[in-house]
Trainee: 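My structure is below; once you've seen it, I'll send some questions.
Note that the structure is a prediction, hence the values are computed from the model and not measured. All chains are named by letter (A, B, ...) in the order of the sequence lines, taking the proteins before the strands, and each is independently numbered beginning at 1.
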Protein chains: 2
Amino acid sequence: MMTPSTVEETQGAFRALADPTRRAILMHLSARDMTIGEVTEHFSITRAAVKKHLTILEEGQLISVQASGRERINRLEPLGLKSVSDWINHFNQFWDERLLDLQRAVENHERTNNG
Amino acid sequence: MMTPSTVEETQGAFRALADPTRRAILMHLSARDMTIGEVTEHFSITRAAVKKHLTILEEGQLISVQASGRERINRLEPLGLKSVSDWINHFNQFWDERLLDLQRAVENHERTNNG
DNA sequence: TTGACATAATACCAATTGGTTGCATTTAAT
DNA sequence: ATTAAATGCAACCAATTGGTATTATGTCAA
């Protein structure tokens, strides 16, 4: 279980997340599935530009697209964020250490000044 | 507590993480602090290119730089990843839901075939 | 003080990016 | 059968990106 994310998946996901418009699109799709037109309504750029963003999100496996008549339904694929989450988690160790450092520093400061 | 990450911090961090070389640099710095020259040894690009990457990592607050004589020590700032972690966590909810869906599907499949 | 070392800063380049417009195609509705 | 709607696609553009090479600056050591 827990098949590790490939380097390509990781790169595709990070690349897709680098743009603020794309992150906003993911937020909108977390509320509900949407057609390209519906996604576009939330922004002040053209539909063609939104389509490009959606393609990059699809390549990063952060969304999936399902054709339905003349529409294309864009759906959030939350599991696609796993490769990113995994990568970040590698640093949790250092993160925790740093938080402890800060904590100790604050305690020291309090002891020195109030104790 | 838990001061929320600003939009700018989030953008700087995501932007910095989009490049595979920069992610690799962070990995190296998680082992130990390094000068620009030391970081460069791990790659096949020029020191100037590495310096540019380090600048972007610093802007994204993922590393800090401390001058020491003629050297500049680059240090991982794991807390800088917090804004990214926070953003990702927004999707954990949907992630968990999707995992449950998968789990139920597998159980159903097993029941249908073996039960 | 001279030379070597580590970095800074600038100009330059090709490729990529995020956006546009215009036109073609497919599907739904009258 | 027409028309309108939703999308696909290609050409184009300015700005940014990731890299280079070159030159300048500050610092350590002999």
Side-chain angles (χ1 to χ4, degrees), chain A residues 7-29 32-77 84, chain B residues 7-29 32-77 84:
Chain A
V7 175
E8 300 78 38
E9 279 169 2
T10 303
Q11 177 53 23
F14 270 113
R15 183 229 184 184
L17 292 178
D19 184 272
T21 300
R22 287 195 287 269
R23 291 199 303 279
I25 290 176
L26 289 182
M27 284 292 185
H28 287 303
L29 291 181
R32 60 183 181 83
D33 298 352
M34 289 174 149
T35 65
I36 298 178
E38 286 171 336
V39 172
T40 304
E41 287 171 19
H42 295 89
F43 299 91
S44 50
I45 57 179
T46 62
R47 187 175 35 72
V50 169
K51 170 69 186 339
K52 285 190 184 180
H53 284 309
L54 289 169
T55 299
I56 292 173
L57 286 168
E58 193 181 6
E59 286 170 356
Q61 294 179 263
L62 300 181
I63 68 171
S64 61
V65 185
Q66 181 201 346
S68 166
R70 63 179 159 182
E71 299 181 334
R72 286 169 68 84
I73 313 296
N74 298 274
R75 156 174 301 185
L76 183 70
E77 282 298 339
V84 175
Chain B
V7 174
E8 299 78 38
E9 280 170 1
T10 304
Q11 177 54 23
F14 270 113
R15 185 231 183 183
L17 292 178
D19 185 273
T21 299
R22 287 195 288 268
R23 290 198 304 278
I25 290 176
L26 289 181
M27 284 292 184
H28 287 302
L29 291 180
R32 62 183 180 83
D33 298 352
M34 289 174 154
T35 65
I36 300 179
E38 286 170 335
V39 172
T40 305
E41 287 171 17
H42 295 89
F43 300 91
S44 51
I45 57 180
T46 63
R47 198 185 49 258
V50 169
K51 170 69 184 344
K52 284 190 184 180
H53 284 308
L54 290 169
T55 299
I56 292 174
L57 286 167
E58 193 181 5
E59 287 170 356
Q61 294 179 263
L62 300 181
I63 69 171
S64 61
V65 185
Q66 182 201 345
S68 166
R70 61 180 159 182
E71 299 181 333
R72 287 170 67 84
I73 314 295
N74 299 275
R75 157 174 300 184
L76 183 70
E77 283 298 338
V84 175

Trainee: Are the side chains of B/T35 and B/I73 in touch, meaning some heavy atoms are under 4.5 Å apart?
Mentor: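 Heavy-atom side-chain distance check passes, below 4.5 Å.
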
Trainee: Given that A/D19 and B/N74 both sit by DNA chain C, which one's nearest nucleotide is further toward the 5' end?
Mentor: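 So the residue in question is B/N74.
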
Trainee: For B/E41, what residues pass the side-chain hydrogen bond (donor to acceptor under 3.5 Å, both in side chains) criterion, not counting sequence neighbours?
Mentor: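 Applying side-chain hydrogen bond (donor to acceptor under 3.5 Å, both in side chains) to B/E41 gives none.
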
Trainee: Output yes when at least one side-chain N/O atom of B/R22 is less than 4.0 Å from OP1 or OP2 of D/dG18, else no.
Mentor: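 Checking D/dG18 against B/R22, a side-chain N or O does come within under 4.0 Å of OP1 or OP2.
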
Trainee: Tell me the interatomic distance from A/Q66, atom CD, to D/dT7, atom P, rounded to whole angstroms.
Mentor: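 Rounded to whole Å, this separation is 13 Å.
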
Trainee: What is the separation between atom CG on A/L54 and atom C1' on C/dG19, rounded to the nearest whole Å?
Mentor: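 That distance rounds to 15 Å.
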
Trainee: Please give, in whole Å, the distance from D/dA6 P to A/M34 CE?
Mentor: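 To the nearest whole Å, that distance equals 14 Å.
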
Trainee: Report, as a single string ordered 5' to 3', how protein heavy atoms within less than 4.0 Å touch nucleotides 20-30 of chain C: B base, S sugar-phosphate only, - not at all.
Mentor: BB-----BS--

Trainee: Rounding to an integer number of Å, can you tell me how far B/K51 NZ sits from D/dT20 P?
Mentor: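 Rounding to the nearest Å, NZ of B/K51 and P of D/dT20 are 15 Å apart.
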
Trainee: In whole angstroms, how far is the C1' atom of D/dC9 from the NE2 atom of A/H53?
Mentor: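 To the nearest whole Å, that distance equals 17 Å.
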
Trainee: Where the side chain of A/N74 meets the backbone of A/V65, is there a donor-acceptor pair that is under 3.5 Å apart?
Mentor: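 No, A/N74 side chain to A/V65 backbone: no donor-acceptor pair under 3.5 Å.
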
Trainee: With a 4.5 Å heavy-atom cut-off, do A/L17 and B/L17 have their side chains touching?
Mentor: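 They are not in contact (no side-chain heavy atoms under 4.5 Å apart), so the answer is no.
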
Trainee: State, to 0.1 Å, how close A/P20 and B/Q11 come at their nearest heavy-atom pair, and which atoms those are.
Mentor: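 Shortest heavy-atom contact: CD-OE1, 3.5 Å.
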
Trainee: Can you tell me how far C1' of D/dT27 sits from CD1 of B/I73, to the nearest Å?
Mentor: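 For the pair B/I73 CD1 and D/dT27 C1', the rounded distance is 14 Å.
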
Trainee: Which pairs of donor and acceptor atoms, one on a side chain in residues 47-55 of chain A, lie under 3.5 Å apart (sequence neighbours left out)?
Mentor:
residue	atom	partner	partner atom	Å
A/H53	ND1	A/R22	NH1	3.1
A/T55	OG1	A/K51	O	3.0

Trainee: Send over the distance from A/R15 CZ to D/dT16 P, rounded to a whole Å.
Mentor: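 Atom CZ in A/R15 sits about 18 Å away from atom P in D/dT16.
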
Trainee: If I take atom CG in residue A/L17 and atom C1' in nucleotide C/dG18, what distance separates them, rounded to the nearest angstrom?
Mentor: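 Computing the A/L17:CG to C/dG18:C1' distance gives 17 Å.
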
